[in-house]
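What you see below is based on every heavy atom in this structure, not just the backbone, and it leaves out hydrogens, waters and symmetry mates.
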2 protein chains.
Amino acid sequence: MSADIQKLGEVDRMIHEPARLMVVALLSAVKEADFQYLHRSTGLSKGNLSVHLSKLEEAGYVAIKKTFRGKYPLTICRLTERGREVLENYRKVIRAAL
Amino acid sequence: MSADIQKLGEVDRMIHEPARLMVVALLSAVKEADFQYLHRSTGLSKGNLSVHLSKLEEAGYVAIKKTFRGKYPLTICRLTERGREVLENYRKVIRAAL
DNA sequence: ATAGACTAGTCTATAGTACAGACTAGTCAG
DNA sequence: CTGACTAGTCTGTACTATAGACTAGTCTAT
């Protein structure tokens, strides 16, 4: 019981950060989402969202595909397998402790 | 559904911080705990734990009673009513989003 | 008495961090 | 040519956790 609580001390901060948690939670339900959708759904500023996405990509939790809608840039994001695992583990830790 | 996720962006960081989340989670199950117990149960350094307890006290989430065990200082901590509410609300937000 | 362990805490220094907002670069419509 | 759209970089600010050294007092043992 108290062991469950101790695990909170080692949660992955990459995913624990609320802004990024919003992003991965959104992606976990959706398979793919573009930048616009994440921007509107999270309420984060574009600059901030961009930085968080880069960090999640660097961590290997999110895959980012840059393409075009017509001639406009289009950024498609999805959760990687690893990202899904990490989120699932995070859920377990949080649920167990709370 | 997505509204639940948006709420993650406004979680109370006082309680979201893992070190403090451990403390309040421990206190929520226990009614009262001394410094030693929290120190051992969380694995935080004494200095760090002391700072977090002060912040939780300042936020009104934890009440701290300084007394003595024999002639040694003894610090007793408990969750306030407000602290209990905030934790309960935090739980709801997290559960809804995950 | 002197050294060491115990209580809890303050303080300092380090290192990391999110975030807003300004800016870039390209495309398009009027 | 102006203004809106795409996504992103970059800068500056401000906050933050954390370890570890240190304080002050009490106790035990040598």
Please write out the pairs of protein N or O atoms and N or O atoms of nucleotides 15-18 of chain C separated by less than 3.5 Å, giving the distance to one decimal.
unit_1	atom_1	unit_2	atom_2	d
dA18(C)	OP1	R20(A)	NH1	2.5
dA18(C)	OP1	R20(A)	NH2	2.7
dA18(C)	OP2	K55(A)	NZ	2.5

Item to check | Which atom of R69(B) lies closest to which atom of L74(B), heavy atoms considered | outcome: NH2-CD1, 3.3 Å

Next on the checklist: Any strand counts, and the cut-off is 3.5 Å on both contacts for Watson-Crick or G-U wobble. Which nucleotide pairs with dG21(C)?
Outcome noted: dC10(D)

Item to check | Member of L27(A), L87(A), L56(A) meeting the side-chain contact (heavy atoms from CB on, under 4.5 Å) criterion with Y61(A) | outcome: L56(A)

Item to check | side-chain contact (heavy atoms from CB on, under 4.5 Å) partner of I15(B), the single match among V23(B), V24(B), N89(B) | outcome: V24(B)

Show each protein N/O and nucleotides 23-29 of chain C N/O combination with a separation under 3.5 Å, one pair to a line.
none

Item to check | Residues R91(B), E88(B): salt bridge by 4.0 Å N-O rule | outcome: yes

Item to check | Basic-acidic side-chain contact under 4.0 Å: K55(B), E17(B) | outcome: no

Checklist entry - Does S50(A) use its side chain to pair, donor to acceptor, with the backbone of K46(A) at less than 3.5 Å? => result no

Checklist entry - Do T80(B) side-chain atoms and G60(B) backbone N/O form a donor-acceptor pair below 3.5 Å? => result yes

Checklist entry - What does T75(A) touch in the nucleic acid at a heavy-atom separation under 4.0 angstrom: a base, only the sugar-phosphate, or nothing? => result sugar-phosphate

Checklist outcome for this item: When L44(A) and S50(B) are each assigned the nearest nucleotide of DNA chain C, the 5'-most assignment goes to S50(B)

Nucleotide [N], atom [atom2] - distance to [atom1] of [X] in whole Å:
X      : N       : atom1 : atom2 : answer
H39(A) : dG8(D)  : NE2   : C1'   : 12 Å
H16(B) : dA17(D) : NE2   : P     : 12 Å
L53(B) : dT10(C) : CG    : C1'   : 14 Å

Checklist entry - Is the phosphate of dG21(C), meaning OP1 or OP2, less than 4.0 Å from a side-chain N or O of S45(A)? => result no

